[in-house]
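Here the structure is laid out as structure tokens; the discussion comes afterwards.
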There are 2 protein chains.
Amino acid sequence: MKPAELTLAISTELPAMRRSERKVAEFVLSRPAEVIRMRIVDLAEQAQVSEPTVIRFCRAVGCKGFLDFKLILAQQLAASPSYGQIAITDTDSLAECTSKVFDSTVDTLLNVRDHLDLHRLDEAVKALCAANRVEFYGFGASAAVAFDAQHRFFRLQLATAAYSDPHLQNMSATSLSPGDVVVAFSQSGRTKAILDSIDLVKSNGAAVIALAPSKSPVATAATIPINIDVEEDSQIYTPLSSRIAHLAVIDVLAIGVAQQKGPELQEHLRQLQANLNSLRVK
Amino acid sequence: MKPAELTLAISTELPAMRRSERKVAEFVLSRPAEVIRMRIVDLAEQAQVSEPTVIRFCRAVGCKGFLDFKLILAQQLAASPSYGQIAITDTDSLAECTSKVFDSTVDTLLNVRDHLDLHRLDEAVKALCAANRVEFYGFGASAAVAFDAQHRFFRLQLATAAYSDPHLQNMSATSLSPGDVVVAFSQSGRTKAILDSIDLVKSNGAAVIALAPSKSPVATAATIPINIDVEEDSQIYTPLSSRIAHLAVIDVLAIGVAQQKGPELQEHLRQLQANLNSLRVK
DNA sequence: CTTTATGTGCAAATTAATTACAATCAGGTT
DNA sequence: AACCTGATTGTAATTAATTTGCACATAAAG
């Protein structure tokens, strides 16, 4: 039994459970944070069942015993602290907002981490290393991501550019050659303008790495799609975690490229760091 | 005792510990993942001490007992799976890099979350709501953060702008009035140019919210400093998590402002969403 | 209305964690 | 160098918690 799947397992097994075990399951799902601090007697009392029933419940969801169950639940809670309560409401205090924003961002990151296709990442790193020019395209919230990525790769001695203007994208795309790489960012995966740019890039023989939801038009159009699926809450008060996931993936790619480039690049980075210090006080 | 600080507490207390407690501490720090599955007898045996010593150790680090200790450790591990092994090396595989980047980013976020000054955040939200104009300043990696923030707040019907050019910053700053707000981003907290801009903004009577390390010149100069302390690894292959922390804080501020503005803003956001869809396929 | 299978709780037994106390060790003093 | 004192550690007893075995209850089927 792995931590990430406990609450899921409970929900799955729930219909197949006996009446009193179900009482336990429902109680655990409703107040998981309290359960991890409870003894078996407390939980039995609160769920209105006997202690052995609690144990049978633990076994039913794939744990060795009650302690094992608590431990796994605790881990799952820590990993997804916001389980079942991410949505931000009008009445949340700023403190609640803060933890929800951070927790859901963390949730998103862990989720993306566990679903990344490493093989694709590897392809992407190789393509980036081999490229003469690397360009970053994005609109809206993804424009900032593209500029960040440009800054990140620019430090790696690559010829980089970032465009969030469709005209500039098209003009620049036209001048790309085979071997060059474009990284396209799209949270929706269905922005028309970015699809146009992608087509143009491909018709010039350059590769397109796309960070977009799987099976989206952008992912389908890309040469090397890197799928990033984030439950985009349709809520109004959404923390827009997907752009942060994109940034993290950019970090991975940048570090991958830096490794491949080897020691002379590292010397260059040290130099950069040193020069930056002259722009700072003290 | 909060989960996020257990290993820290162990490290802190370590020099003040007795010899045999230290044995336990070192063992726990070296193989935390195994400890959470151990019984007290196992841990005592492996650390070459007696069982009561283990308990004394647990108490010394602020836990109620051994079970409490294991529970908290399990939570910390789940939340920061990468404890003690974040540094990325030349020889790491891409898979290792990936988990290290994500895990250290998660670490950073949780750490920042636990050290945010909510009172300052509240002040910042109030200042932003009251402002006629809001501008975002940043250089280098923080430039992308500033543009992202501009995009985020622009949607909230505020008059916003973002500048990463010191001349533009200065010109714009000169035209600000009391009640207006500038949000300054600085990862180092010691960039000369941003300090110049901050001074200019203040001399025009506008407020400066700064996201920067505590006690840094930028934080000191700000009207409302929001301290963000990230262990900036001096490593070459650094994931630069601080910019992601800045983004998360921006999310909190943006949601705070959205809440204050109330329902007519929500209608506006819905409208925006609907219009965006016309730029998308399918 | 009985029978049987299944589910549930009580109480005993087992296992683990904690406390009390005694032995030991280190450092300082005569 | 021997002794004392206080802190530190381990042994053994205690207490608390979990788990198991078994008997009772309950519901469905004959």
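In what follows, chains carry the letters A, B, and so on, assigned in the order in which the sequence lines appear, proteins first and then strands, with residues in each chain numbered from 1.
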Item to complete: Report the distance from atom CG of A:Leu118 to atom CD of B:Glu96, rounding to the nearest 0.5 Å.
Response: 11.0 Å
Fill in: B/S/- contact track for nucleotides 7-16 of chain D, protein heavy atom under 4.0 Å
-SBBB-----
Fill in: d(CD1, A:Ile40; C1', C:dT14) in whole Å
14 Å
Worksheet item: Do any pairs count as a side-chain hydrogen bond (donor to acceptor under 3.5 Å, both in side chains) and have a residue in residues 210-227 of chain B, sequence neighbours left out, and if so which ones?
Response: B:Ser214-B:Asp229
Fill in: Euclidean distance, atom CD1 of residue A:Ile55 to atom P of D:dT20 [Å, nearest integer]
7 Å
Response to the item:
Hits for salt bridge (charged side-chain N to carboxylate O under 4.0 Å, His left out) against B:Glu123, two or more places apart or cross-chain, chain-then-number order -> none
Worksheet item: Got a donor-acceptor contact below 3.5 angstrom from the A:Thr53 side chain to the A:Val49 backbone?
Response: no
Worksheet item: Taking only residues two or more places apart in sequence, or in another chain, which ones meet A:Phe102 in a ring-ring contact (aromatic ring centres under 6.0 Å, His included)?
Response: none
Worksheet item: Is A:Arg243 salt-bridged to B:Asp251, cutoff N-O under 4.0 Å?
Response: yes
Response to the item:
note: B:Lys70, atom NZ; C:dT18, atom P; distance rounded to Å ~ 10 Å
Discussion item. Test of understanding: with salt bridge (charged side-chain N to carboxylate O under 4.0 Å, His left out), list the residues that count as partners of A:Asp122, not counting sequence neighbours.
Written reply: A:Lys126
Worksheet item: How close or far is atom P of D:dT18 from atom CG of A:Asp68, stated in whole angstroms?
Response: 13 Å
Discussion item. Need one value for A:Arg22: base, sugar-phosphate or nothing, where a base atom within 4.0 Å counts as base even if backbone is also close, heavy atoms only.
Written reply: nothing
Worksheet item: B:Leu67 side chain: which of C:dA17, D:dT20, D:dT18 is closest?
Response: C:dA17
Worksheet item: Is it true that a side-chain atom of B:Asp42 and a backbone atom of B:Arg39 form a donor plus acceptor pair closer than 3.5 Å?
Response: yes
Discussion item. Using five pairs at each end of the helix from C:dC1-D:dG30 to C:dT30-D:dA1 to define an axis, what is the angle between those two axes, to 10°?
Written reply: 0°
Worksheet item: To the nearest Å, how far apart are B:Phe69 CZ and C:dT18 P?
Response: 12 Å
